[in-house]
Amino acid sequence: MPSRAVSARVSAAAGVLADAALADAWRALWLSRLLVWAASVVAVVAFGLSARAPAFDPTGLTSPFGATGNVLAAPLGRWDSVWYLAIAGGGYGGGGGREAFFPLYPLLVRVAGTPIHSALIGGALLSTALLGVALVLLHRLVCLDHARAVARNAVLVTALFPMSFFFSAVYSESLFLALSVGAVYAARRERWAWAGMLGALASATRSAGVLLLVPLSMIYLWDIARPALRSRRRLRADAAWLLLVPLGLAAYCAFLALVGLDPHAPFSAQKVWFRSFAGPFGGTWDGLVAAVDGVRQLLSGARTPVFFKAAGGDPLLVARHNVELFTWLVLAVAAVVGVLRRLPDAYGAYVVCALALPLSYPVGPEPLMSLPRFVAVLFPLAIWLAVWMTGRVLRERLVLAAFAGGLTVYSGIFATWHWVA
């Protein structure tokens, strides 16, 4: 009887937690997506589109709805969305850089878009739904170690992060976030089959998915070190599931070989995007040099381009980007230090490894290009920030206000076809 009573209480607590996760995630989802949509539409109406938009989307994949419809759909597809939509519609090949974009997300975009005859709408709905899934999983993951207030703030800062407009656009960010949080949550719950399978799907979404082996392996080692050891057979079976994680990447390379394409293309295609190996974390120094040079240019007396109207390729615009990107790096490093000090070692190891990848392969003209977008999916950073701010009203208000303001501005820049990250 006592054991039944305990089980009943645990089940009831789990039910309450599930309801809390859904409620908090739903609130963060609709608030943030409404902000993204409103900011994007207002920016397009007020400032128009960059003159360079036709050069990056010559076939109009992101603008198929007519004048009014295209304004309303402004947050859905820009920049890399063109590549995902092109792959969803025509597959790989063609001599371009398509192979740099891993297959799981464009495959799901194709599936989601087929019933409604629009890959753009289908992809945006898919991304938004996956963001909701990611927020629920993140809430439940945080609640394994912290109170509901921390979990609520973790989903809020994730949904309001200034780069979170990518989570509802035709980009793979929300898919990768959902899979990576899900894999770690499954591991924390000792559901190793789920952890391995979700990790494999993550590595079929982007190359960084393979790095989930780091936190999953550390969680596994922590698990077997506990006093209540299980049978050796069970331990070996659990470890075997982790071997699934790299299979997503391996399957993609094998697919390319089967269709007559270069199986190494996912890596060699990075040259199309001007990425090259600069040594471990070598991009950090390159980013610092570019930022210092950018400050010198901006202070040289030349007029800084108007915020939304700056022409792409302008040296001053590149200078401003390099300063901005290095600022993002400084903030990310501060958050990483917080993760290493306050959160489980597995979380810290994951964010260090995940940042090592882009920081070791900088982009020529803008070494830290896309860094804020890569930071957006590193969920341990959001957990640390939530821990740091929860219970301190002023911190909470300042962080959430700053994030909401940043999301408003960056959503408008993205929607008007100006480069963000």
Side-chain angles (χ1 to χ4, degrees), residues 35-36 39-40 42-57 74-75 78-82 160-166 169 171 173 273-276 278 281-335 355 358-359 361-376 378 381 399 401-421:
L35 180 60
V36 169
S40 300
V42 168
V44 171
V45 172
F47 300 102
L49 302 181
S50 166
R52 302 178 71 206
F56 290 96
D57 185 16
R78 296 290 188 262
W79 300 106
D80 287 355
S81 300
V82 177
L160 291 173
F161 186 71
M163 296 292 159
S164 73
F165 57 85
F166 286 117
Y171 270 71
E173 265 60 28
W273 308 103
F274 306 104
R275 287 195 179 274
S276 58
F281 295 97
T284 304
W285 175 254
D286 293 345
L288 173 60
V289 172
V292 171
D293 185 61
V295 171
R296 288 173 179 168
Q297 290 187 56
L298 293 174
L299 295 177
S300 64
R303 188 171 65 86
T304 303
V306 178
F307 198 58
F308 280 106
K309 294 293 187 178
D314 188 303
L316 287 181
L317 185 61
V318 174
R320 194 200 76 199
H321 282 170
N322 283 327
V323 174
E324 182 181 0
L325 289 168
F326 190 75
T327 302
W328 275 105
L329 176 60
V330 172
L331 295 173
V333 169
L355 283 174
L359 291 178
Y361 287 87
V363 179
E366 296 182 17
L368 302 179
M369 182 179 287
S370 300
L371 180 67
R373 181 160 58 87
F374 298 144
V375 168
L378 297 183
L381 303 183
V399 169
F403 273 31
L407 180 57
T408 300
V409 172
Y410 280 118
S411 295
I413 298 174
F414 177 77
T416 54
W417 269 103
H418 291 84
W419 181 249
V420 181

request  = Identify which one of D293, V295, L299 satisfies the side-chain contact (heavy atoms from CB on, under 4.5 Å) criterion when paired with Q297.
outcome  = D293
inquiry  = To check you understand the geometry: which heavy-atom pair defines the closest contact between P362 and L359, and what is its length?
reply    = CD-O, 4.4 Å
key: By salt bridge (Lys or Arg N to Asp or Glu O under 4.0 Å) - contacts of D57 (at least two apart)   = none
Closest contact, heavy atoms only, M163 versus R373 = CG-N, 4.4 Å
remark   = Between V375 and F161, the two heavy atoms sitting closest are CG1-CZ, 4.0 Å
inquiry  = Measuring from atom CG of L35 to atom CG of L160, what distance do you get when rounded to the nearest 0.5 angstrom?
reply    = 7.0 Å
key: Nearest-0.5 Å distance that lies between atom CG in L331 and atom CZ in F326   = 10.5 Å
Minimal non-hydrogen separation, W419 against I413, with atom names = O-CG2, 4.0 Å
query = With under 30° as parallel and over 60° as perpendicular, where do the rings of F414 and Y171 fit, or are they tilted in between?
reply = perpendicular
Over all atoms of both residues, closest heavy-atom pair of P367 and G287 = CB-N, 3.8 Å
ask   = So do V318 and H321 actually touch side chain to side chain, heavy atoms under 4.5 Å?
value = no
request  = Would you mind reporting whether P162 and V409 have side-chain heavy atoms less than 4.5 Å apart?
outcome  = no
query = Can you check whether L355 reaches F374 side chain to side chain, under 4.5 Å on heavy atoms?
reply = no
inquiry  = With rounding to the nearest 0.5 angstrom, report the CG to CG distance, D286 to L368.
reply    = 8.0 Å
ask   = Where do P372 and L325 come nearest, in terms of heavy atoms and distance?
value = CD-CD2, 3.5 Å
note = Across all chains, not counting sequence neighbours, the salt bridge (Lys or Arg N to Asp or Glu O under 4.0 Å) partners of R275 are none
query = Do the side chains of L407 and F403 get nearer than 4.5 Å, heavy atoms only?
reply = no
note = One should read off an interatomic distance between E324 CD and L317 CG, to the nearest 0.5 angstrom, of 9.5 Å
inquiry  = When you compare the side chain of V44 with that of L49, does any pair of heavy atoms fall below 4.5 Å?
reply    = yes
